[in-house]
Amino acid sequence: MNIFRLAGDMTHLFSVLVLLLKIHTIKSCAGISLKTQELYALVFTTRYLDIFTDFISLYNTVMKLIFLGSSFSIVWYIRRHKIVRRSYDKDQDTFRHYFLVIPCLVLAVFINHKFTFKEVMWTFSLYLEAVAILPQLVLLQRTRNIDNLTGQYVFLLGAYRALYILNWIYRHFTEPHYVHWITWIAGVVQTLLYADFFYYYFQSWKNNEKLQLPA
Amino acid sequence: DGQSTEHDEL
């Protein structure tokens with residue numbers, strides 16, 4: 001464990017807790033894409049298949065349980081909670097899951113480190129995580145208004161993966177044979193997808209004005 | 001198999 005990875009995990013944890021607290025407190029999911037949240041639940045499910053078979057550390061297991069619990073709770077709130085669900089904008093949140101799930105699955109079958117079920121599922125979760133934010137970014141551009149909690153949520157999500165890239169660079173230099181080029185490529189693609197959002201986020205923060213994404 | 005596919009990251 002290095003400081004970049006710990007900072008990345010904490011940023012990631014903070015992003016999902018910010019979102020969960022927002023939905024729980026104001027009982028609204030305005031501006032939140034259910035599609036993205038469902039994709040994240042799928043990412044964590046396919047990535048943590050080994051949660052009960054391979055014990056890495058208490059930290060690792062606890063964090064996996066928190067990510068699984070929070071992502072499914074958020075999906076439950078938006079789908080089932082009698083008050084929250086009313087603020088879900090299903091007419092705008094129309095991104096089709098399978099446009100992302102199918103290509104990631106096909107890619108994972110052909111490009112992976114080892115052709116076993118768990119390894120293909122793990123690789124699929126990496127590819128899917130890289131693109132899972134797209135429905136959320138599309139929704140933000142459509143609704144054009146971004147309340148600052150949603151803006152912070154997306155920013156923290158992008159920041160966590162950027163910190164992970166620093167972690168991979170650090171591990172590349174400090175640990176022999178630490179080679180996970182699939183992880184690195186997926187991580188860089190994911191962070192680049194946030195890049196334009198980062199640009200507008202910083203612009204709005206610098207000019208102290210409301211965050212507006214171009215149509 | 002070359003690199004370990006043991007995934008210790010979240």
Side-chain angles (χ1 to χ4, degrees), chain A residues 1-2 4-6 8-13 16 43-44 46-51 53-57 59-68 112-116 118-123 125-126 129 160-161 163-165 167-168 170-172 175-184 187, chain B:
Chain A
M1 173 64 82
N2 58 65
F4 302 112
R5 193 165 127 213
L6 185 62
D9 287 342
M10 289 306 110
T11 307
H12 193 195
L13 174 66
V16 292
V43 164
F44 290 132
T46 50
R47 185 169 309 172
Y48 300 153
L49 291 174
D50 62 351
I51 187 168
T53 55
D54 306 347
F55 180 77
I56 308 253
S57 69
Y59 169 83
N60 189 274
T61 304
V62 167
M63 291 295 280
K64 285 176 176 176
L65 290 171
I66 292 174
F67 284 136
L68 282 166
N112 52 63
H113 284 308
K114 201 163 77 172
F115 191 70
T116 62
K118 266 173 55 175
E119 191 59 26
V120 169
M121 283 294 104
W122 181 83
T123 312
S125 81
L126 267 187
E129 186 189 2
Y160 122 76
R161 214 59 180 163
L163 286 164
Y164 252 72
I165 290 176
N167 152 64
W168 293 322
Y170 177 86
R171 293 189 74 174
H172 176 68
E175 295 173 30
H177 318 305
Y178 180 71
V179 175
H180 279 310
W181 55 271
I182 290 182
T183 312
W184 299 343
Chain B
D1 56 69
Q3 63 268 352
S4 73
T5 56
E6 188 255 334
H7 302 299
D8 62 349
E9 293 181 346
L10 289 170

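Reminder, nothing fancy here: chain letters follow the sequence lines and each chain counts from 1.
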Does any backbone or side-chain atom of F67(A) lie under 4.5 Å from a heavy atom of chain B? Answer side chain, backbone, both or neither.
side chain
Any non-hydrogen side-chain atom of R5(A) less than 4.5 Å from a side-chain atom of D8(B)?
yes
Residue from T183(A), D54(A), I56(A) scoring the most non-hydrogen pairs under 4.5 Å with chain B is I56(A)
Just to verify, which of H180(A), R47(A), R171(A) counts as forming a side chain to side chain donor-acceptor pair (under 3.5 Å) with E9(B)?
R171(A)
Please give me the minimum heavy-atom distance between L10(B) and Y164(A), naming the atom from each residue.
N-OH, 3.5 Å
